[in-house]
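Start at 1 with the first residue, then count along the sequence.
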Amino acid sequence: MDIKNNNFKKKIQYNACILCIICIFFSGIISIIYTITQEKIRKELISKKKHIFSKIIPLKYLDNNFEKNCYKLNIDIKKNIINIKINSVYLAKNKNKIIAFIIESTTYNGYGGPIQLMIAIDIFGKILGIHIIEHHETPGLGDKIDIKISNWITQFINKKNIKKWKVKQQNREFTQITGATITTKAVLNVIQESLSFIQKNYKKIPLSQKCNSEL
């Protein structure tokens, strides 16, 4: 009986050792792959973000590495059905003076889910450019918010008077995407709230927590 128990224990110990070696082996492989690809991933992220920045702000007027001047905000805005988060802000400077802010915001009121975007706003509260980073809206309808599909988003550029902001269906300023009322209002609201935040707080934006920037 003892011999049987000893053999069983040895078998368990042997299998545990084999399993442990396999885990260590594959963990090592994953670590090596991560180390090798980390720099490549970082460079791709830099390239992607710089491409977005170049679309929404005239880089020739800036002289700081504003990609590294990113601060977390994590401000939740919830009122009526509006559910928005202002995630972070980038500071664009010239001769050490802030000339524009790039706000990264998310609206959770999209038809297909969250819509994430970047908005460049100058110190006078005027929109310089907007780029939709990620969305899940309906192809052929809500996806017209994406500049790759249509120019709809560009109608907000150079705007700053938010008091009149309504879609045209309501006899107001902006055109609505046909068949995508929910998407239209979600994007309108997140742009409006982000712009309002800068206009009200541009001199007292909390800059205590830097982003874990990959740049």
Heavy-atom closest pair (Ser54 atom, His51 atom, distance to 0.1 Å) is OG-O, 2.6 Å
Ile130 and Ile147: side chain to side chain contact (heavy atoms under 4.5 Å, CB included), yes or no, with the steps?
-> CA-CA 9 Å; Ile130 305 171; Ile147 193 68; over 6 Å; no
Are Ile24 and Tyr14 grouped together when hydrophobic residues (ILVMFWY) are joined by side-chain heavy atoms under 4.5 angstrom apart?
-> no
So do Leu73 and Phe197 actually touch side chain to side chain, heavy atoms under 4.5 Å?
-> yes
Would you check if Ile145 and Glu137 make a side-chain contact, meaning some heavy-atom pair closer than 4.5 Å?
-> yes
Within a strict 4.5 Å, meaning less than it, do heavy atoms of the Glu104 and Tyr90 side chains meet?
-> yes
With hydrophobic residues grouped by side-chain heavy-atom distances under 4.5 Å, do Tyr71 and Ile77 end up in a single group?
-> yes
May I ask you to decide if Lys85's main-chain N or O and Thr106's side chain share a donor-acceptor pair within less than 3.5 Å?
-> no
Spacing of NE2 belonging to His131 relative to CD belonging to Gln116, to within rounding of 0.5 Å = 10.5 Å
Would you say the side chain of Ile57 lies within less than 4.5 Å of the side chain of Asp122, judging by non-hydrogen atoms?
-> no
For Ile12, does its backbone N or O pair with a side-chain atom of Asn15 as donor and acceptor, under 3.5 Å?
-> no
Report whether Tyr202 and Leu207 are members of the same hydrophobic cluster (ILVMFWY, side-chain heavy atoms less than 4.5 Å apart, transitive linking).
-> yes
Side chains of Lys185 and Ile81: does their closest heavy-atom pair fall under 4.5 Å?
-> no
Check the surroundings of atom OH in Tyr111: do more than 12 heavy atoms from other residues, nucleotides or ligands lie under 6.0 Å from it?
-> no
Approximate separation, where rounding is to 0.5 Å, of Ile157 CD1 and Lys126 NZ | 10.5 Å
Using the rule that two of Ile, Leu, Val, Met, Phe, Trp, Tyr join whenever any of their side-chain heavy atoms come within less than 4.5 Å, decide whether Ile123 and Val89 are in one cluster.
-> yes
Smallest separation among heavy atoms of Ala120 and Ile56, with atom names = CB-O, 3.3 Å
On a heavy-atom basis, the closest approach of Ala186 and Gly110 is CB-N, 3.9 Å
Step through the shown structure and confirm whether more than 12 heavy atoms of other residues, nucleotides or ligands are within 6.0 Å of CG on Asp76.
-> yes
Interatomic distance, OG1@Thr154 vs CH2@Trp152, rounded to 0.5 Å, equals 10.0 Å
Nearest heavy-atom approach of Lys204 to Lys200 is CE-O, 3.7 Å
Compare every heavy atom of Ser150 with every heavy atom of Lys144, then report the nearest pair and how far apart it is.
-> O-OG, 2.6 Å
Can you find a pair of side-chain heavy atoms, one from Leu91 and one from Phe101, that are under 4.5 Å apart?
-> yes
Separation of Gln192 CD from Ile82 CD1 (nearest 0.5 Å) | 7.5 Å
Test applied, side chain to side chain contact (heavy atoms under 4.5 Å, CB included); reference residue, His135; option that passes from Thr107, Ile115, Val187 | Ile115
Nearest 0.5 Å please: distance from the CG atom of Asn189 over to the CG atom of Asn109.
-> 7.0 Å
Could you pull out the closest heavy-atom pair between Ser194 and Ser105, with the gap in Å?
-> OG-OG, 2.8 Å
Is it true that Ile75 and Ile191 fall in one hydrophobic cluster, defined by side-chain heavy atoms closer than 4.5 Å?
-> yes
In Å and rounded to the nearest 0.5 Å, what is the CD1 to CD1 distance from Ile177 to Ile153?
-> 7.5 Å
I would like to know whether Asn94 and Leu62 meet side chain to side chain contact (heavy atoms under 4.5 Å, CB included); could you show each step before the answer?
-> CA-CA 5 Å; Asn94 187 301; Leu62 315 176; 5.6 Å; no
